[in-house]
Visitor: 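Please find one structure pasted underneath; my questions will follow.
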Amino acid sequence: MKKHNFSAGPCILPEEVLQKASEAVINFNQDNLSLIEISHRSKPFVEVIEKGRSLVLELLHLNDSEYATLFLHGGASTQFLMIAYNFLNKKAGYLNTGTWSNKAIKEAKLFGDLIEVASSKDDAFNYIPKDYIVPADIDYFHCTSNNTIYGTQMKAFPEVKVPLICDMSSDIFSRELDFSKFDLIYAGAQKNMGPAGTTLVVIKKELLNNITREVPSMLSYKTHIEKDSMFNTPSVFSVYVSMLTLDWLKELGGIPFIEKVNTKKADLLYSEIDRNPLFKGNVATEDRSIMNATFTLKNKDLQEKFDTMWKDANINGINGHRSVGGYRVSMYNALPLYSVQALVDVMQELERKA
Ligand SMILES: *Cc1c(COP(=O)(O)O)cnc(C)c1O
């Protein structure tokens, strides 16, 4: 039996997507060739990447006259430096909500001045800062919509007069937002979209006018937009499986549908964390992520017992990030509600046996 997979990333993908992907590796489009042994410029693959692109924009309710969609290499981590290389001319503003924001800040500092507009470092990143003011004289404002490690999520985004750039690696396509507020959205595929290997960038084409620096080709948004993500060989397998996952999502009813499922899963788990006297949630209630829930056992002596119990219940991947400890339960789009129920059952069983 397949495990209940709560892995934080790379993460669970829909079973039917895995099935189609594995078939394509052997025989793609009944053409007796593998997906990964044909030219990325061949018609069948160009159709894949174009379908991927149009699904992205359709699901986010954006149009391709305003926005370009790129499938790049290097993970979200390369975007940390690429954004600054292209757009940080004098100074930029960053919201610091944890490990990933910190890494983005560290890279950006190599290219110009940086203002940490607000930070939740004072309380171990257990909340999202609010009521801060974003200066109007900066090149852009950068934030992280969902903090995969700490389990906090931005429920609202500031009104800004400067380009709004967001790392949505771990909650893209999980909830409805007004995506047209953003000038650049990026996400490593492996959290909610596909296998590791490609990074999605959705960028307002207008933003290219802000580039003043000479940027090496591979790190230049201009290059990748001009070449339709084909400046060099794209990560063909990852792009293909991401396209399949987006198609799966569209068929289900898109983001409005999956948001309802995701909310149900999160409600089920958080209400058990709050009800069960053995457990305690890590972060401010109003900032709880619907993707990554973090919590701890109040009594550490029960840890071994709990760990044995959930492993016996066919559950995978709920250990907290090595920097935080405790537990982290990732409930990405493809995770079924019954997997969360399986975990809740174990938590209740522990309460009975403790
Ligand atoms: C995982 C993650 C990253 C890093 O992604 P890579 O593709 O491994 O570089 C960046 N930001 C967030 C929010 C993440 O969850």
Side-chain angles (χ1 to χ4, degrees), residues 5-13 56 70-85 94-108 110 119-121 125-129 140-155 157 164-175 177 179 182 184-202 218-219 224 229 234-235 237-239 241-242 245 262 282-283 287-294 317-324 328-335:
N5 187 8
F6 296 94
S7 173
C11 79
I12 185 168
L13 290 170
V56 166
L70 304 172
F71 293 99
L72 304 181
H73 290 279
S77 301
T78 298
Q79 291 307 304
F80 297 162
L81 80 99
M82 204 165 143
I83 287 162
Y85 210 150
Y94 278 68
L95 181 66
N96 186 0
T97 51
T99 310
W100 296 117
S101 317
N102 258 310
K103 292 193 176 186
I105 289 168
K106 179 171 174 252
E107 299 304 302
L110 299 172
S119 166
S120 49
K121 194 173 179 189
F125 298 113
N126 282 342
Y127 71 101
I128 299 284
Y140 60 84
F141 174 68
H142 178 282
C143 57
T144 312
S145 56
N146 184 68
N147 301 287
T148 329
I149 293 175
Y150 296 95
T152 59
Q153 185 173 38
M154 294 176 77
K155 306 293 171 182
F157 293 83
L164 180 58
I165 296 183
C166 189
D167 177 358
M168 292 196 189
S169 290
S170 55
D171 69 351
I172 192 150
F173 304 117
S174 72
R175 57 171 173 164
L177 291 173
F179 294 100
F182 299 88
L184 193 159
I185 295 166
Y186 64 100
Q190 71 277 12
K191 304 279 167 54
N192 215 10
M193 190 172 72
T198 196
T199 310
L200 173 67
V201 174
V202 181
M218 266 303 277
L219 298 177
H224 294 293
S229 303
S235 198
F237 183 70
S238 181
V239 171
V241 183
S242 298
T245 310
N262 289 335
N282 289 4
V283 308
D287 300 326
R288 282 173 163 177
S289 165
I290 60 165
M291 293 277 97
N292 316 93
T294 55
I318 68 163
N319 284 318
H321 188 267
R322 59 191 183 280
S323 64
V324 177
R328 170 175 55 170
V329 172
S330 300
M331 300 171 282
Y332 295 115
N333 285 354
L335 184 88

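It should be emphasised that the depicted structure is a prediction, and the values quoted were computed from it without experimental measurement. One-based numbering, in listed order, for ligands and for the atoms of each.
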Visitor: Are a donor atom and an acceptor atom from the side chains of S120 and T97 found within less than 3.5 Å of each other?
Guide: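 No, T97 and S120 have no side-chain donor paired with an acceptor closer than 3.5 Å.
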Visitor: Under a 3.5 Å cutoff, is there a donor and acceptor pairing between the side chains of N292 and T148?
Guide: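 The criterion, which ignores hydrogens and geometry beyond distance, is not satisfied for T148 and N292.
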Visitor: Please check if any side-chain donor atom of N147 sits under 3.5 Å from a side-chain acceptor atom of Q153, or the reverse.
Guide: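 Per modelled atom types, N147 and Q153 side chains form no pair under 3.5 Å.
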Visitor: Which of the numbered atoms in ligand 1 are below 4.0 angstrom from a heavy atom of T144?
Guide: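 So the answer, numbered in order with elements, is 13 (C).
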Visitor: So which heavy atom in the protein is nearest atom 14 (C) of ligand 1, and how far is it from that ligand atom?
Guide: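 For atom 14 (C) of ligand 1, the nearest protein heavy atom is K191 NZ, 3.0 Å.
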Visitor: For the pair F80 and Y186, name the ring-plane relationship: parallel under 30°, tilted 30 to 60°, perpendicular over 60°.
Guide: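 Correct class here is perpendicular.
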Visitor: Taking 4.0 Å as the limit for heavy-atom contacts, which would you say applies to Y186 with ligand 1: side chain only, backbone only, both, or neither?
Guide: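 Neither part.
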Visitor: Atom 11 (N) of ligand 1: which protein heavy atom is closest, and how many Å away?
Guide: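 For this ligand atom, the closest protein heavy atom is D167 OD2, 2.6 Å.
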Visitor: Does K106 count as lying over the ring of W100, i.e. NZ or CZ under 6.0 Å from the six-ring centre, within 45 degrees of the axis?
Guide: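 No, K106 does not lie over the aromatic ring of W100.
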Visitor: Could you tell me the residue and atom name of the protein heavy atom closest to atom 9 (O) of ligand 1, and the distance to it rounded to 0.1 Å?
Guide: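 Looking only at protein heavy atoms, the one closest to atom 9 (O) of ligand 1 is S77 OG, 2.6 Å.
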Visitor: For ligand 1, which atoms sit closer than 4.0 Å to a heavy atom of N146?
Guide: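 That gives atoms 13 (C) of ligand 1.
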Visitor: Side chains of Y94 and Y140: do they bring a donor and an acceptor to under 3.5 Å?
Guide: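 Indeed, the side chains of Y94 and Y140 share at least one donor-acceptor pair under 3.5 Å.
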Visitor: Give the residue, atom name and distance (to 0.1 Å) of the protein heavy atom nearest atom 8 (O) of ligand 1.
Guide: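 Checking every protein heavy atom, the shortest distance to atom 8 (O) of ligand 1 gives Q190 NE2, 3.3 Å.
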Visitor: Assess the side chains of N262 and S174: does a donor N or O sit below 3.5 Å from an acceptor N or O?
Guide: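 Not at all, the side chains of N262 and S174 share no donor-acceptor pair under 3.5 Å.
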Visitor: For the rings on F157 and F182, is their centre-to-centre separation under 6.0 Å?
Guide: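 F157 vs F182: aromatic centres under 6.0 Å.
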Visitor: In this structure, does ligand 1 have an atom that sits under 4.0 Å from one of the heavy atoms of T199?
Guide: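 The answer is no: ligand 1 sits nowhere under 4.0 Å from a heavy atom of T199.
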Visitor: Output the list of atoms in ligand 1 that are nearer than 4.0 Å to some heavy atom of F80, sorted by atom number.
Guide: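 Matching atoms, with element in brackets: 10 (C).
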Visitor: Of all the atoms in ligand 1, which lie at a distance below 4.0 Å from a heavy atom belonging to G75?
Guide: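 Answer, ordered by atom number: 7 (O), 9 (O).
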Visitor: Below the 3.5 angstrom mark, is there an N/O of A76, backbone or side chain, next to an N/O of ligand 1?
Guide: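 Indeed, backbone or side chain, A76 has an N or O that close.
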Visitor: Closest non-hydrogen protein atom to atom 15 (O) of ligand 1, residue and atom name please, with distance?
Guide: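 Answer, as residue, atom name and distance: T148 OG1, 2.4 Å.
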